[in-house]
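Contents: one structure, followed by commentary.
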Amino acid sequence: MGWAIALHGGAGDIPRSLPPERREPRLATLRRCLDLAVAALQAGRTALDVVELIVRELENCPHFNAGRGSVLTSDGTVEMEASIMDGNTMSCGAVSGLSTVVNAISLARLVMEKTPHIYLAFHGAEAFARDHGVETRDPSHFITDENIERLRQAKQANRVQIDYTQPMKAQPPTDDNSRIGTVGCVAIDSSGNLATATSTGGLVNKMAGRIGDTPIIGSGTYANPLCAVSATGKGESIIRHTVARDVAALMEHRGLPLKEATARVVAGVPRGDVGLVAVSAAGEVSMVYNTSGMFRACATEDGYSEVGIWPEADSDANGGN
C-alpha cells in the first residue's frame, strides 16, 4: 500500500473539437494540482488536508464550474455547494446555497469539525461562514461575463444544461460548451487514511434552490475505510443511483476490487450521465465515465501518473515501476 491521488474537473459531452485555448488552461491546472498533491502527500500531509487543498485550487480557477467559475441559476445568481468526508472516521460535512463564500469546500470541512451537524445550507451556512471568519466576497465576484452568456443561451434553448451540454447551433458560444462541471479529489495517504472532497456551481439555468448530488453524502461524495469516491455529471441521475455509496457497497458486500466496482456502478447509470474518480485502501486508482470524456488526473506512489480528457489512448500517461 502507498499513497495515491485522483482528481477531476467534470465529465460530459466534451467535443474533440474543443479548441486548444479552451482545453490547455484546464489541463495545465490539472497538472499543477496533481504536482501540488503529490508534493503534499510526499511531505506527509493527511489525505483530508490534501483533498481540501486541491479542491480549493480548483475552486479558485475560473475555468471550472466551482467557486469562481460557478454557473448561474435561472435567476442569474450563484448557488455553490460542496462536501468533504474522512474515510477512516466517516466524519463528513456539506454545504449548499452559497453565494459569497470563496471556498465552499473549506466551509464544508468546518461544518464537519466545528458543528454537531453534517449539512448546512443557504442563509444558515452563510451565517456560519461569517461567524468563523471564512473568506467571503460580494456575490458579483462570482458572476462572470462567460457565465452570463451561458445562461442566456440556456434560457433561449429553454433547458437546464448539464456539464458540457452542447449549446444551440444557432448561437455558437464564445467559450466551449457549457462551463466545465463539478470538481473533486480523492486520496489515500501513506498512513492509509482515505478522504474525498467535491465542489460545484451546479447546472446552468437550474432553478434557484435546486440541490444536486455534490453535497449529498453517498451520492456525489463518499468515503469509508475501503475507498473514497467523488462523482461528476447529471446530479439527479447520480442521486437516484447513489453512485458514490454503491461503489463502496460493492466492495464491502460483494468483495469486488475497486476497478470492477466502479465500472459496474457507472455502467448502471444512463449513458452520458456520470463520471467518477476513486481510490482504495490498497492504493488503487479508478477514473471511469460513461460520457464522451472527463477532465481527470491521477498519480500513485509507485510512479504512475495520468492526465487526460478522453479515453486512455488520448491521455498523457506515465507508467510506474
Side-chain angles (χ1 to χ4, degrees), residues 4-12 14-42 45 49-71 78 80 82 84 102-106 135 137 141-142 144-147 150 163-164 173-187 196-202 204 214 230-233 275-277 279 285 287 289 291-300 304-310 312 314-318:
I5 183 85
L7 53 144
H8 68 77
I14 308 174
R16 291 180 181 271
S17 60
L18 193 65
E21 64 270 22
R22 301 301 180 186
R23 181 178 69 244
E24 290 306 321
R26 290 155 178 158
L27 287 173
T29 298
L30 291 181
R31 293 187 185 100
R32 179 177 61 80
C33 286
L34 189 63
D35 289 343
L36 185 63
V38 168
L41 288 166
Q42 289 175 335
R45 294 191 65 178
D49 285 345
V50 172
V51 297
E52 180 190 7
L53 170 70
I54 297 309
V55 171
R56 283 177 61 95
E57 290 292 318
L58 293 168
E59 288 175 335
N60 293 338
C61 175
H63 300 298
F64 295 104
N65 176 14
R68 181 71 174 92
S70 293
V71 297
V78 166
M80 299 170 283
I84 191 166
V102 172
N103 294 112
I105 196 62
S106 293
E135 183 182 3
R137 301 289 292 271
H141 167 77
F142 303 94
T144 65
D145 290 341
E146 291 86 352
N147 282 331
R150 179 56 56 190
D163 302 346
Y164 276 111
T174 55
D175 198 358
D176 53 81
N177 320 310
S178 99
R179 300 295 290 177
I180 295 180
T182 307
V183 302
C185 183
V186 294
T196 179
T198 315
S199 181
T200 190
V204 182
T214 292
S230 175
T232 173
L276 63 81
V277 295
V279 295
V285 172
M287 304 189 294
Y289 48 95
T291 57
S292 67
M294 179 171 72
F295 273 83
R296 65 194 189 277
C298 73
T300 61
Y304 180 82
S305 66
E306 176 184 337
V307 179
I309 308 172
W310 299 290
E312 285 78 359
D314 298 306
S315 298
D316 176 13
N318 295 310

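With sequence neighbours excluded, the residues satisfying side-chain hydrogen bond (donor to acceptor under 3.5 Å, both in side chains) with Thr300 are Asp302. Partners of Thr214 according to the side-chain hydrogen bond (donor to acceptor under 3.5 Å, both in side chains) rule, which considers only residues two or more places apart in sequence or in another chain, do not exist here.
Judged purely by distance below 3.5 Å, without hydrogens or angles, the side chains of Ser230 and His8 pair a donor atom with an acceptor atom.
In terms of heavy atoms, Ala231 sits closest to Thr198 at O-CG2, 3.9 Å. Summarising the geometry of Val183 relative to Phe64, their closest heavy-atom pair is CG1-CB, 3.7 Å, with the distance given to 0.1 Å. Contact detail for Thr29 and Cys61: the closest heavy-atom pair is OG1-SG, 3.7 Å. Summarising the geometry of Val38 relative to Ala299, their closest heavy-atom pair is CG2-CB, 3.7 Å, with the distance given to 0.1 Å.
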For a side chain to side chain contact (heavy atoms under 4.5 Å, CB included) check, start with the C-alpha distance between Met294 and Val277, then their side-chain angles and the critical distance, and finish with the verdict.
CA-CA 10 Å; Met294 179 171 72; Val277 295; 4.1 Å; yes

Output, in order, the C-alpha distance, side-chain angles, deciding distance and verdict of side chain to side chain contact (heavy atoms under 4.5 Å, CB included) for Leu34 and Val307.
CA-CA 9 Å; Leu34 189 63; Val307 179; 4.1 Å; yes

I'd like to know whether Val279 forms a side chain to side chain contact (heavy atoms under 4.5 Å, CB included) with Ile5, so could you lay out the CA-CA distance, the side-chain angles of the two residues, the decisive distance to 0.1 Å, and finally the verdict.
CA-CA 7 Å; Val279 295; Ile5 183 85; over 6 Å; no

Under the side chain to side chain contact (heavy atoms under 4.5 Å, CB included) rule, what do Cys33 and Leu7 come out as? Steps first, then yes or no, please.
CA-CA 9 Å; Cys33 286; Leu7 53 144; 3.9 Å; yes

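Looking at heavy atoms from C-beta onward, Asn318 lies out of side-chain contact with Tyr304 at the 4.5 angstrom threshold. Arg23 has its side chain within reach of Leu18: a pair of non-hydrogen atoms, C-beta onward, lies under 4.5 Å apart. Taking the side chain as every heavy atom from C-beta outward, Thr144 and Arg68 approach each other to under 4.5 Å. Contact annotation: the side chain of Cys185 never approaches that of Thr196 to less than 4.5 Å [non-hydrogen atoms, C-beta and beyond].
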Only pairs under 3.5 Å count here: list side-chain donor-acceptor contacts from residues 51-59, not counting sequence neighbours, and write none if there are none.
{"residue": "Glu52", "atom": "OE1", "partner": "Arg109", "partner atom": "NH1", "Å": "2.8"}
{"residue": "Glu52", "atom": "OE2", "partner": "Ser106", "partner atom": "OG", "Å": "2.6"}
{"residue": "Arg56", "atom": "NH1", "partner": "Asn103", "partner atom": "OD1", "Å": "3.4"}
{"residue": "Arg56", "atom": "NH1", "partner": "Ser106", "partner atom": "OG", "Å": "2.8"}
{"residue": "Arg56", "atom": "NH2", "partner": "Asn103", "partner atom": "OD1", "Å": "3.3"}
{"residue": "Glu57", "atom": "OE1", "partner": "Arg32", "partner atom": "NH1", "Å": "2.7"}
{"residue": "Glu59", "atom": "OE1", "partner": "Asn103", "partner atom": "ND2", "Å": "2.9"}
{"residue": "Glu59", "atom": "OE2", "partner": "Ala104", "partner atom": "N", "Å": "3.4"}
{"residue": "Glu59", "atom": "OE2", "partner": "Ile105", "partner atom": "N", "Å": "3.1"}
{"residue": "Glu59", "atom": "OE2", "partner": "Ser199", "partner atom": "OG", "Å": "2.7"}

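Atom CZ of Arg296 sits about 10.0 Å away from atom CG of Leu27, to the nearest 0.5 Å. Rounded to the nearest 0.5 Å, atoms CD1 (Ile14) and OG1 (Thr291) are 6.0 Å apart. The structure places CZ of Phe295 at 6.5 Å from CH2 of Trp310, a figure rounded to the nearest 0.5 Å. Atoms CD and CE, on Glu306 and Met287 in that order, are 3.5 Å from each other to the nearest 0.5 Å.
The main-chain N or O of Phe142 is never found under 3.5 Å from a side-chain atom of Arg137 such that the two would form a donor-acceptor pair. One N or O on the side chain of Asn65 and one on the backbone of Val71 form a donor-acceptor pair closer than 3.5 Å.
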